[in-house]
Amino acid sequence: MPRVENRKIAEMFNEIADLLDIDGDNPFKVRAYRNAARTILGYPRQMTDLVDEGFDLTSLRGIGKEIAKKITEIVQTGKLAYLEKLRKTHPPQLEDLLKVPGLGPKRVRLLHELLHINSLEDLEKALHEGKLQNIPGFGEKLIAKIENGIQTRRYEAHRFKLSEALPVAEWIVKILKKTKGAMHVEIAGSLRRRKETVHDIDLVAACEETNDTMVYFLNLPKIQKIVMKGNTRSTILLENGMSVDLRLVGVENFGATLHHFTGSKAHNITLRKMAVEKKMKINEYGIWQGKKRIGGEKEQDIYDAFGMQYIEPEMRENRGEIALAQKHALPKLILQSDIKGDLHMHTSYSDGLVPIKEMALQAKALGYEYIAITDHTQHLKVAHGMDEKQLQKQLEEIDALNETLEGITILKSAEVDILEDGSLDMSQSVLAALDLTVCSVHTKFNLSREKQTQRILKAMDNPHFTILAHPTGRLIGLREPYDIDMEAVMQKAKEHGCMLELNAQPDRLDLNDIHCKMAKETGVRIAVSTDAHSLNDLELMRYGIWQARRGWLEKENVVNTLSLPALQKLLRTIKG
DNA sequence: GCCGTTTTCGGCCCGACTGTTTTCAGTCG
C-alpha cells in the first residue's frame, strides 16, 4: 500500500469542501472540512504513522469522529468512498471554475445548472457566444471581470518566493512612508509572517485624516492596473504580476488592522472565537468588551486582552502557539544576532566565485567567529568537485590562513556527495582530516522512498557524517522534495548526534518550517547555513533565520549559535 | 462536521468592496 502524505489527505478534504460548497451544503460543514485540511497540512507528523500507532485523531483541532474515520479510511485504503461518491455526481473539472476571479460556489452552480458549463473550456466558449448575459445577476462588469480573468490566466494561482516579494514590498513601503499624513506603513500578510512563498503583498498604513497616501499608492510606477479602489482599501496589479493590497486606517486602529491583515486567517479565527466566549469582539478596528473599546492602537493590545504573551508574526499559523501564549510558555525565537558562524559555503576551489580568504573576511565583517569551507567533492562534476589531492591543497591553504587571519577561524570541511549506495565519495582517511562534513544528495532524486531513506540512513552511519545538507532536495516551484521518511532520518540523526541543515537559499529553504519544528521536538540540532557561492550570498542568512523562526527554533536548537570552543567540543563528541 | 469551565444542542469570525440592485448577495481576504 502506497503511503498517503498529509498533503494528499488535505487535498482530498479541500476537494470535498469545494464540491459541497457548490452543492450549497451547510457552509459550516464546508468550513469543517477546510479546517481539517489545514490542521492536517500543518501537522508535523504523518497521519499514516499516527493511524499505525493507534493515535486518537480526534484530539487534533478541527478533527472529530467523522473526519477521523475518513482519515483512517484514506490511510488504510488510499481512497475515500465518500469523495468517490461526490465525484460521481459532479463533472470532474467543475471545481476549476472556483479559481476564476469573481466566481464563487453560488455562481459556479448557476453556470452549471443554467448553461451546463462544467469546465474552464465550457466557460470560455459560453463567453464567446455571449451566453452569460442571460444569467440573473451577471451584468456587464462581472462578465468583463471573468473574461479578463480567463484571458490573463489569473486562475493559475501564482506564488512568489519570499525573496522576490519582499524587496518590492520594501520599495513601496519606503515611498508611502514619505507621503503627507502617513504615520506608520508596515508590511502585513504572509509576507510579514515570512512564509516561503506569498501570493500577494499586503500593506497597512496609519494616516492622519488628510493624507496623500492612497493617491500615491494608486499612482505608483509600474502599475499594470488598478484592481479595486476604495477610500480605505485598494488593490493594484504590478507589471511583474504581483498584486498589492493597501489598507488605510487611523493611528488609533493601527495595531488591530495590522494584526488582522497579518493573519494567518486560522490564527485570527481562533482568537475571535476566544473573544466571543469572553463576550468580547475583535475586528480590524480594535477590541471591544461589550460596547467599550479596550484597545487597538497596538498589536499587543489584542494579546493583552486575553492575558497572553505577544506572539511573533512568524508563529501565527494556529499550530498551538495560542495555547502556549496563554500559558506564557512561548519559545524564545532565534534572532539573526544569535548566529556566530556559517557552516556551508563554496569558494573558487569548486563552483564558488571567490577565494577562501575573501569569504573569510566577509564573514568576519558580518561579525562571525567562524566559517566552514565546504566545496564540492569529486563525484559532482558539474560543480567542479575537488578530488582528494585538491582537497589536501585546500586544507593546507586553510592552515596558512588560520595562522595569519585575526578574529575569524576557518573550519575544514567539504560538501560530500552521498552516493546511491549510501557511501560518501571521499575516503575515510581524508574525511578524518576534516573538522566536520556537510553531506548531501545531488543525484538519483527519483529513488523509491525505501531506497532513498536507506541511502541517507546508511550515510549517517559513517562516523565522519556531521550535517545532512538541504535534506529534501526541493527547489521551491521547480523541483519537488525527494521521497524520504523524515521521521526515520531524524531518529537516526538523534542516535548519532548528527545534525540537519536549514539551507537559507531562498529557492531551497530546506528544511521547511514543519520539519524544523519536528527536529526540535525530536531533539535534533539544526545548522542554519547560507550555502553561499559568492560574497553577497552570505547575507541570505536572514531567510534561513525567518524559516527557523517559523519552525519555532530557539537559539539552543541551532548549532551555529555556539561559540567556537563550544562548537569544536561538540564536533569532537560526534566524531568520537 | 466540529465543539463545549454558560457541553450533547445550537451555535459556528468579521467586514470591505463590487455589481446589480433599490436593499443585498456574492466574493474576497
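All chains are named by letter (A, B, ...) in the order of the sequence lines, taking the proteins before the strands, and each is independently numbered beginning at 1. Since the model is a prediction, treat every value here as computed from it, not as a measurement.
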Exercise for review: Taking atom P in both dG10(B) and dG15(B), compute the distance separating them and give it to the nearest angstrom.
Suggested key: 25 Å
Check your understanding: Mapping G137(A) and I282(A) onto DNA chain B by nearest heavy atom, which one lands closer to the 5' end?
Key -> I282(A)
Check your understanding: Once you round it to whole Å, what is the distance between C1' of dT5(B) and CE of M274(A)?
Key -> 14 Å
Review point. Considering only side-chain heavy atoms of K273(A), which listed nucleotide, dG15(B), dG26(B), dC12(B), is closest?
Key: dC12(B)
Exercise for review: Give the rounded distance in Å between these two atoms: CZ of R247(A) and P of dC14(B).
Suggested key: 16 Å
Exercise for review: Please state how far atom NZ in K278(A) lies from atom P in dT5(B), giving the value in whole angstrom units.
Suggested key: 12 Å
Practice item. Answer with base, sugar-phosphate or nothing: what part of the nucleic acid does R61(A) contact at a heavy-atom distance below 4.0 Å? Key: sugar-phosphate
Check your understanding: Given the C1' atoms of dT20(B) and dG26(B), what is the spacing between them in whole Å?
Key -> 11 Å
Exercise for review: Could you measure between the two C1' atoms, the one in dC13(B) and the one in dG29(B), and give it in whole Å?
Suggested key: 12 Å
Check your understanding: Looking at the angle O4'-C1'-N9-C4 for a purine or O4'-C1'-N1-C2 for a pyrimidine, is dT7(B) syn or anti, with syn meaning within 90° of 0?
Key -> syn
Review point. From dG1(B), dG26(B), dT20(B), pick the nucleotide closest to the side chain of L142(A)?
Key: dT20(B)
**Study point:** Spacing of L218(A) atom CG relative to dC17(B) atom P, expressed in whole Å
**Key:** 12 Å
Point to revise | Protein-nucleotide distance (L271(A), atom CG; dC13(B), atom P), rounded to Å | key: 13 Å
Review point. Which of these nucleotides, dT27(B), dC13(B), dC2(B), is closest to any side-chain atom of P105(A)?
Key: dT27(B)
Return all side-chain donor-acceptor pairs below 3.5 angstrom for residues 57-70 of chain A, not counting sequence neighbours, or 'none' if the list is empty.
unit_1 : atom_1 : unit_2  : atom_2 : d
T58(A) : OG1    : D56(A)  : OD1    : 2.7
T58(A) : OG1    : D56(A)  : OD2    : 3.2
S59(A) : OG     : D56(A)  : O      : 2.7
R61(A) : NH1    : N318(A) : O      : 3.0
K70(A) : NZ     : Y33(A)  : OH     : 3.3

Review point. Using atom P of each nucleotide, how far apart are dT18(B) and dC12(B) to the nearest Å?
Key: 28 Å
Review point. Within the pair T235(A) and dG29(B), is there a side-chain N or O less than 4.0 Å away from OP1 or OP2?
Key: no
Review point. Whole-Å distance between dC28(B) P and R233(A) CZ?
Key: 12 Å
**Study point:** Non-hydrogen atoms of R192(A) and L258(A) that approach each other most closely
**Key:** NH1-CG, 3.7 Å
Practice item. Verify, without hydrogens or angle tests, whether R107(A) (side chain) and G102(A) (backbone) share a donor-acceptor contact under 3.5 angstrom. Key: yes
Exercise for review: Determine the sole option in Q300(A), E299(A), K298(A) for which the side chain to side chain donor-acceptor pair (under 3.5 Å) test with Y310(A) is passed.
Suggested key: E299(A)
Revision key, fill the gap. Testing dT18(B), dG26(B), dC2(B) for proximity to the side chain of R107(A), the answer is dG26(B)
Check your understanding: Is the shortest side-chain N/O distance from N268(A) to OP1 or OP2 of dC13(B) below 4.0 Å?
Key -> no
**Study point:** Six-ring centre of F261(A), R193(A) cation under 6.0 angstrom, axis tolerance 45°
**Key:** no
Revision key, fill the gap. Here the pair of heavy atoms bringing F254(A) nearest to E186(A) is CZ-CG, 3.5 Å
Check your understanding: Which listed nucleotide (dG1(B), dC14(B), dG26(B)) is nearest to the side chain of K70(A)?
Key -> dG1(B)
Study note, to complete from the structure: Assign each of I143(A) and H260(A) the nucleotide of DNA chain B bearing its closest heavy atom; nearer the 5' end lies the nucleotide of I143(A)
**Study point:** Distance, C1' atom - from dG1(B) to dT5(B), rounded to whole angstrom
**Key:** 24 Å
Exercise for review: Let me know the distance between NZ of K141(A) and C1' of dC17(B), rounded to the nearest Å.
Suggested key: 12 Å
Point to revise | Check: dG29(B) base within 3.5 Å donor-acceptor of D245(A) side chain | key: no
Review point. Looking at the side chain of Y33(A), which of dC12(B), dG1(B), dA16(B) is the nearest nucleotide?
Key: dG1(B)
Study note, to complete from the structure: In Watson-Crick or G-U wobble terms, with both distances under 3.5 Å, the base opposite dT8(B) is none
Practice item. Pick base, sugar-phosphate or nothing for L98(A), based on heavy-atom distances below 4.0 Å to the nucleic acid. Key: nothing
Practice item. Report which part of the nucleic acid V276(A) touches: base, sugar-phosphate, or nothing (heavy-atom distance under 4.0 Å, all strands). Key: sugar-phosphate
Exercise for review: List the steps and the verdict of side chain to side chain donor-acceptor pair (under 3.5 Å) for D301(A) and H259(A).
Suggested key: CA-CA 10 Å; D301(A) 296 346; H259(A) 185 270; over 6 Å; no
Practice item. Would you mind telling me which of dG1(B), dC13(B), dC17(B) lies closest to the side-chain atoms of T232(A)? Key: dC17(B)
Exercise for review: Describe the nucleic acid contact of G102(A) in one word from base, sugar-phosphate, nothing, applying a heavy-atom distance below 4.0 Å.
Suggested key: sugar-phosphate
Practice item. Quick one: label K229(A) by what it contacts on the DNA or RNA (base, sugar-phosphate, nothing), any heavy atom closer than 4.0 Å. Key: sugar-phosphate
Review point. Picking from dC2(B), dC12(B), dG29(B), which would you name as closest to the side chain of H199(A)?
Key: dG29(B)
Review point. Can you name the closest pair of heavy atoms from M541(A) and V528(A) and give their distance?
Key: CE-O, 3.5 Å
**Study point:** Whole angstrom value for the distance that separates P of dC13(B) from CD1 of I269(A)
**Key:** 6 Å
Point to revise | Closest listed nucleotide, where the reference is the side chain of N26(A) and the choices are dC17(B), dC14(B), dG1(B) | key: dG1(B)
**Study point:** Y285(A) side chain, from C-beta outward: closest of dC13(B), dG19(B), dG15(B)
**Key:** dG15(B)
Review point. Taking only side-chain nitrogens and oxygens of K281(A), does any of them come within less than 4.0 Å of OP1 or OP2 of dG15(B)?
Key: yes
